[in-house]
Amino acid sequence: MIPQPRDEDGAAETGTPATATAATLPATAEAISLPDLVRRLGRRCVVLVGMPGAGKSSVGRRLAKRLGLNFVDADEEIERAACMSIPEIFARRGEAEFREGEKRVVARLLQAGPCVLATGGGAFMNAETRAAVAAGGVSVWLRADLHTLLRRVKKRTDRPLLAQGDPAQKLATLLRQRGDTYALADVIVDSRDVMHETVVDEVVAAVHRHLTAFPEGRPPMPAEPAPAPLPYGEVTRSTVHVDVAGRPYDIYIGPGLLAEAGTHITALRKGARVAIVTDENVVAAGHLKTVEDALDAAGIEHTAIVVAPGEKTKCWAGLQQVVEGLIAARIERRDLVLALGGGVVGDLAGFSASVLRRGVDVVQAPTTLLSQVDSSVGGKTGINSPQGKNLVGAFHQPVLVLADTAALDTLPPREVRAGYAEVVKYGLLGDKALFDTLERDWRGVLAGGPERITAVAASCMAKAAIVARDEKETGDRALLNLGHTFGHALEAGAGYSDRLLHGEGVAIGMALAFAFSAKLGLCPGQDVTRVIRHLEATGLPTRISDVPGDLPDTDGLMTLIAQDKKVSRGALTFILVRGIGEALVAKDVDPEAVRAFLAEMR
């Protein structure tokens, strides 16, 4: 089933998750009341954008007739105003003057009231025109492939940009230059070799979905003031309090915390013995020695259990190795397990502590960006099954988190980028201002500048607030899984190997979640493009094809998705979005819609 839009009272701001079930977004034009669609449209225009040959005029005339609105062709209006044809305007006055006139004409037509407006191929490239369209219309990109476009325009002589040279080469260049900007349109409909009425049906359905999701219209996209800079500089330490009922704890964030581990543990539980669970990479980086020296200086008895690095260690054999090691070390309930490492170590050590003697307390000392902003906070622990990720585990909150940001300096750049995906997630699911800031300051976060401490603290604060409201994921904690349903399936399909790190899977998953939301009419295409551009700018993958090596086919990925923890009695639940900073829990999503989407994205 397809998710319904947000109620006007805005469930996401009340602490109650925005959920959606099959309801109000018709999948076909036949189910839509055209008078209701026109009423929702109000004074806005339906604005068709796209390449020459996309069918804007032919589809637009039929769409206008269907809706009972006037059809207006912007190029015809320009020719009428100039008393010249488009080729003549280009020849006599040049393209720059034509574009200025085009901008004025489109703005005037948008102000004239509801109509179906077909624009020239270059009109949407102008930022002022896009802003005017966003304010006064619903933009529809009629997307066509190069072969279709070439076949449609090869006999036309009224296309000045295609009049000279090889039309195929020019069309390919234009499509490459304009594609990302066309993708900023509110909705996208494929213009292909089917009856025009079929495309009209799809435009009607897509526009209706958009108007249902955004009854007041999306705000225009003009240049916004730059977000306030991150408050870094003098900030070298930060503390985030996690207020879980009956078991509150603190997250200390900043450089040098591993060297202070003895002091913090003594203050937390004097006389406790400590079992450090870590992996070979952390040992090689020198972090185990740092912690051991700190514990020795504080007079704390300790032992270490070292596992192999990588996601494959999160398995039954890895769990047995750690639990048996803890038993051999005679760790008792009053003692502590210290998880020193990334997400794999944190999950494995935390789960081992939760089952040892029916529960031993754990201190998380995350050494990767991903674990500092996500897995070390909130108490989720577990191991993987061959059938899916994190299917075996327990909620076991830490008693303290020591997030030493200096430890991140020893990581390979790929690991830092993978962790950054989880930072981006917090901006996308509920904090647009954070995402705005990350778009500018991401280089400092990745490079280890002062921006990093604040980014880690902002992420931990976002997660802490959600965990305090919903510790066991019965409500809006599920929003933290944005990108994870697709991402976990890809991780499993890649065999939990170095072919795809967890954060890389989340990055692809978030890109897919935004694209799927746009396909359902929930999210504007401009936000999809913006998210993908940012992820790619940081070096993160965004496509299924970015995963090296073979993956299961579409049916195989669907089988893995069906094993996701959020599946309830066979019904698929996805975290989808209405835009940047507006995530929702979409329940009972139609599996066939997901299957078709995955097949299209491969």
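We're numbering straight along the sequence, starting at 1.
Side-chain contact check for L400 versus Y249: every heavy-atom pair is 4.5 Å or farther apart. Looking at heavy atoms from C-beta onward, Q397 lies in side-chain contact with V467 at the 4.5 angstrom threshold. Side-chain contact check for D374 versus Y426: some heavy-atom pair is nearer than 4.5 Å.
Relative ring orientation between F486 and F574 is described as tilted, the plane-to-plane angle lying within the 30° to 60° band.
Outside the 6.0 Å centre-distance limit, the rings of H488 and Y496 are not counted as a close aromatic pair. Y252 and H264 have their aromatic ring centers within a separation under 6.0 angstrom.
A donor atom on one side chain and an acceptor atom on the other are not found under 3.5 Å apart for N384 and K312.
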Quiz item: S139 and D186: side-chain hydrogen bond (donor to acceptor under 3.5 Å, both in side chains), yes or no, with the steps?
Solution: CA-CA 5 Å; S139 51; D186 294 318; 3.3 Å; yes
Exercise. Given side-chain hydrogen bond (donor to acceptor under 3.5 Å, both in side chains), test H502 with S375 step by step and report yes or no.
Key: CA-CA 11 Å; H502 172 67; S375 58; over 6 Å; no
Quiz prompt | Criterion side-chain hydrogen bond (donor to acceptor under 3.5 Å, both in side chains) on T368 and E415, from CA distance to verdict | solution = CA-CA 7 Å; T368 66; E415 290 276 0; 5.8 Å; no
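Exactly one of L522, L598, V589 qualifies for a side-chain contact (heavy atoms from CB on, under 4.5 Å) with F516. That residue is V589. Residue H287 forms a side chain to side chain donor-acceptor pair (under 3.5 Å) with just one option from T278, T410, T367, and that option is T410.
Every residue two or more places apart in sequence or in another chain was checked for a side chain to side chain donor-acceptor pair (under 3.5 Å) with E280, and none qualifies.
Looking at N481, its side chain never comes within 3.5 Å of a backbone N or O of H484 through a donor-acceptor pair. The backbone N or O of R469 lies less than 3.5 Å from no partner atom in the side chain of R477, so there is not a single donor-acceptor pair. The main-chain N or O of V377 is found under 3.5 Å from a side-chain atom of K463 such that the two form a donor-acceptor pair.
Each ring-ring contact (aromatic ring centres under 6.0 Å, His included) pair with one or both residues in residues 454-479, not counting sequence neighbours, would appear here, but there are none.
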